[in-house]
Peer 1: 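Structure provided below as C-alpha cells; questions to follow.
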There are 2 protein chains.
Amino acid sequence: MGRKRTKSGKIRLAEVAELAGVSPITASRFFRNPEALSVAKRTRVESAAKELGYVPNLAARALASQRTEVIGVLIPSLTNNVFSDVLRGIYDASESSRYSIQLSNTRYSILQEEKLLRLFLAQKPAGLIVTGIDQTAESRAMLDAADCPIVQIMEIGPNPVDMMIGFSHYDAARAAIAHLFAQGHRKIGFVGARMDPRVQRRLDGYVSAMKDAGLFEQRLVVTTATPTSVTLGAALFTDLLAQEPGMDAVFCANDDLALGVLFECRRREIAIPEQIAIVGFNDLEFMASTVPTLSSVRTNRYEMGNTAAAMLIEAIDGRRPQHPVLDLGFKVIERQSSSARRSDNRPAVSGAGAANKLVALPSGHD
Amino acid sequence: MGRKRTKSGKIRLAEVAELAGVSPITASRFFRNPEALSVAKRTRVESAAKELGYVPNLAARALASQRTEVIGVLIPSLTNNVFSDVLRGIYDASESSRYSIQLSNTRYSILQEEKLLRLFLAQKPAGLIVTGIDQTAESRAMLDAADCPIVQIMEIGPNPVDMMIGFSHYDAARAAIAHLFAQGHRKIGFVGARMDPRVQRRLDGYVSAMKDAGLFEQRLVVTTATPTSVTLGAALFTDLLAQEPGMDAVFCANDDLALGVLFECRRREIAIPEQIAIVGFNDLEFMASTVPTLSSVRTNRYEMGNTAAAMLIEAIDGRRPQHPVLDLGFKVIERQSSSARRSDNRPAVSGAGAANKLVALPSGHD
DNA sequence: AGGAACGTTGACAGCGCTACCAGCACAGAC
DNA sequence: GTCTGTGCTGGTAGCGCTGTCAACGTTCCT
C-alpha cells in the first residue's frame, strides 16, 4: 500500500551535450532555436536527446530565462456551459504550442479577479486571457503595467487593455428583440439570471429596443442574481406571468432559462409560439432539438476561446495581429418558438451582427 | 498601441531577510514552516515581506527543492457536463491549498493519455488525478513508478494504482434497470453514445440485469461512438424504435440522451411514462424541470472531484487516508418519467449503491 | 556539575538551465 | 594581405531559492 520511492533517473542537458559531443549551451540552443545550429550538430543533439529520453526541466528554464511559458486564464465560472466551450477553444489552441494554461475561477467577483491577477502577474506569465471589460481600477492598472500580451474575451468595448475578442451583447439583444418585433410581437418580457455584466448589457439592449418602440414597461422584466438554471427559468417565467399576464413573447438571457420557460409553458398549456414566443441566448446544442425547437442568438464561443489563445500566442512570439480588436458577431437563429408561421423545423436564419468580420474599433455602445 | 515595457521591480527573499534582520534561510523557512521560527523573528519576517510586497519565485523554489506544487489532472473531455462538475470540485479544493492545477485533455484516447502522462511526470508533479481505470500498460507502469500520490477518479475497480474515488457504473446501471423492473417494465431499451469505458460498463450492467431476468435481446440496444448530444438522443431513440417498436422503457446512458428521447416522444406523441418510461444517468439539474420530470441515476460529480483533490493534497502532505478507495455510490431518482403511478413531481427516491460509504475494497464487478 | 536533548539559526553549495559576451573560422571586399 | 562581416560555438556567471549540516544557546536530566 505504501507509495513508491523511485530515484529520479534524471537526464540533464549536460548529459545530452556530452553524448552529442557539443557544449551544453549548444544543446540548449537546439531546443530553443534549432535553426541557429549547423545541420551536423543539430542532428547529433537531436539523436542524443532522443536516445537519452531527455525532457527539459521547466523550472530551471524559467529561472534562468526569467520568463515562463504559462498563459494565465481568468474566467468567472467553471459551471456555465458558455465557458466550457470557450475553454475548450483555448486548450485546443494551446496544445499545439509550447505554452501551458493556468486556469483560475473568479466566481464572478472582480475583487477575486484582482487578487488572482496579482498572483498571476507575480509569476510573469507569457500571456493573459481575462474575461470581460469590467475590471477594478486596481486590476486595470496592473493589466496596463503588465509586461505581457493580454486578451480580453467575451465582449468588446472601448479602451482595450491590449487585444480584445468578443461581440456586443447589447447589439445581440437588440437584434433578438428586432426579430420578435418583425414577427409581430409587442409585449415582450425579459428573463435574466446571474446578472453579470454581460447579462446586464443584454438587458440594456432589450430595454433600449423596447424603449425605441415605445413599448418598455418595468413589469416586463424579471431578473435575479441567483446563478442560472433550467428550474430557475421556469420560476422566473412564472413570476413574469404573474406581473404581466398579457405577454406575447419572452427573451431569455440564456438558453437554460429558455428551456425552463418552454417546460413551464407546457405545464401551463401555453402554446408556443401562438400564445407566447421564446428566444434564448447562446444557441446551445439542445435548442434545435426541443419541441417546439427554440430560437436563440448564436454566439461563437469555441471560436472566441480558440482565436483568443491563438492571437495571444502570436503576440507572445512577437507577431501582433493587425486588428487587436476582433468582433466575432452573433446570429439570430429563428426556429419554431418564435416563428409566426410555425415553420416546421426549418431553421430560418435572420442574420445580424458583424459575424466573423474584422473591425478595427469595437462596435460597443457605451 | 505598443505593448508595455516595465522593469521587473522584483523583490527577492534576500531583501526581505535583510529588512527583517535575519538570514535568507530563516526568511525562507518562514514561508514554508513558520512554526519553526521564534515568534519574534516570525513577526519581523512577516511584516518585512508585507512591507516589500514580496511574492516567492515559484520557479526558483521548484528548482531548488526538486519538486513542484502542481497537481496534474487528466480528463477525457472538456465539453461533457459531467467533467465540468468534477473539475469544479477539483479547483475548489485546490484553491485553499498551495497547489495549482495543471489540466490536460485526453480526448478519450488512452494513447493521448499516455503521452500526456509522460509529459506530466517529467515535471515531477506533486500529485496526479487521472480519469478511470483503463490505462495502457505503459501508462500503468509509469503510474506505478511515479514518485507522487495519484488518485483515479470516476469509477472504482480492482488494483488501484494508489487512491481511487468513484462508483460502480455497472451497479448503477443494474439499479436503474431494477427500478424499471419494479415499475413493471419488461422490454427495456438501451441508448448509449460515445461509449467510453464507463458508458460501456453501464451497458454491461444493463445487459447483465436483462439477462438475469431472461429479457435481453440484442435489438434492444442502440449505441454509437459519436459524442453525445440531445439531438443524438432523439436519433438513437428513433433507430431503437424502428428495431423494436414494442419497447416499454428506455435506459439512457446519460441525461442529454434522455432529454432527446423525451422530445422525440413528444414529437411522436408517445406518452411518458404510460407508453414508454425513461431513465437517464447523472441527474443533471434540468432533469427535475422537464415535462414530465425525468428519472435518473444521481452521481456525486462535484464531490468526486472535490474529495479526490482533498485526498490527494492530504497524501502529498504526508497524511494518507485510511481508506484509499472511496465508493461515492449513486442513487436512483424516481420521477414522473418512470413512475407507474405518474406521481406528480414528488421525487420518490429508491436508494441504491454505497452512497458516501467508505469501503476498503472496490465494489467493482470485473 | 556534566552531559544529553531540544529548539533555533546561519553558512555553504548547488538545483538545471540560459543570458551575455567573447572567440573562432571562413568568406568577401578592398 | 588586411580588414570587416557573418555564422556558429563555448565559457562564465548567475537566476532565486532550499537541502544539508553544523553551531549556538538553553533547558532538563542524572
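Being a predicted model, the structure only gives us computed values, none of them experimental. Chain identifiers are assigned alphabetically (A, B, ...) following the order of the sequence lines, protein sequences preceding nucleic acid strands; residue numbering begins at 1 within each chain.
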Peer 1: What verdict does the salt bridge (Lys or Arg N to Asp or Glu O under 4.0 Å) test give for A:Arg107 and B:Asp92, after you've listed the backbone C-alpha separation in whole Å, the side-chain angles of each residue and the deciding distance to 0.1 Å?
Peer 2: CA-CA 11 Å; A:Arg107 299 161 192 276; B:Asp92 281 0; 2.5 Å; yes
Peer 1: Select one nucleotide: of D:dT9, C:dC15, C:dC17, the one nearest the side-chain heavy atoms of A:Ala60.
Peer 2: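 Nearest nucleotide to the side chain: C:dC17.
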Peer 1: Assuming nearest nucleotide by heavy-atom distance, tell me which of B:Ser65 and B:Pro24 is located more 5' along DNA chain C.
Peer 2: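 Its nearest nucleotide being more 5', the pick is B:Pro24.
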Peer 1: Considering the options A:Leu103, A:Val86, A:Ile153, which one meets the side-chain contact (heavy atoms from CB on, under 4.5 Å) requirement together with A:Val73?
Peer 2: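 Testing A:Val73 for a side-chain contact (heavy atoms from CB on, under 4.5 Å) against A:Leu103, A:Val86, A:Ile153 leaves exactly one candidate, A:Leu103.
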Peer 1: Checking all strands, does B:Arg67 fall into the base, sugar-phosphate, or nothing category for heavy-atom contacts under 4.0 angstrom?
Peer 2: sugar-phosphate
Peer 1: Please work out if B:Phe31 contacts a base, only the sugar-phosphate, or nothing of the nucleic acid, heavy-atom cut-off 4.0 Å.
Peer 2: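 B:Phe31: no heavy atom of the nucleic acid under 4.0 Å.
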Peer 1: Using the six-membered ring wherever Trp is involved, compare the ring planes of B:Tyr108 and B:Phe83 and label them parallel, tilted or perpendicular (cut-offs 30° and 60°).
Peer 2: perpendicular
Peer 1: Using atom CD of B:Glu18 as one end and atom P of D:dC17 as the other, report the distance to the nearest whole Å.
Peer 2: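 After rounding, the reported distance stands at 14 Å.
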Peer 1: Starting the side chain at C-beta, find the nucleotide from D:dT18, D:dG10, C:dG10 nearest to B:Leu13.
Peer 2: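 In terms of side-chain proximity for B:Leu13, the closest of D:dT18, D:dG10, C:dG10 is D:dT18.
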Peer 1: In whole Å, I'd like the distance from the CG atom of A:Leu58 to the C1' atom of C:dC15.
Peer 2: 15 Å
Peer 1: Taking the side chain of A:Arg12 as heavy atoms from C-beta outward, which of C:dC20, C:dC17, D:dT18 is closest to it?
Peer 2: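 Nearest to the side chain of A:Arg12 among the choices is C:dC17.
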Peer 1: Salt bridge or not for A:Glu46 and A:Arg42, using N-O below 4.0 Å?
Peer 2: no
Peer 1: Taking the minimum atom-to-atom distance to the side chain of A:Arg29, which one of C:dT18, C:dT9, D:dG10 wins?
Peer 2: D:dG10
Peer 1: Whole angstroms only, please: what is the CD1-C1' distance between A:Ile11 and C:dG16?
Peer 2: 13 Å
Peer 1: Taking the side chain of B:Ser38 as heavy atoms from C-beta outward, which of C:dT8, C:dA19, C:dT18 is closest to it?
Peer 2: C:dT8
Peer 1: I want to verify a distance call: between C:dC17, C:dT9, D:dC17, whose nearest atom is closest to the B:Asn57 side chain?
Peer 2: D:dC17
Peer 1: How long is the gap from CD1 on A:Ile165 to CE on A:Met154, to the nearest 0.5 Å?
Peer 2: 11.0 Å
Peer 1: Identify whether any heavy atom of A:Ala36 sits under 4.0 Å from a base atom; if not, whether one sits that close to sugar-phosphate; answer base, sugar-phosphate or nothing.
Peer 2: sugar-phosphate
Peer 1: So if I take every side-chain heavy atom of B:Arg61 and compare against D:dC17, D:dG11, C:dG10, which nucleotide ends up nearest?
Peer 2: D:dC17
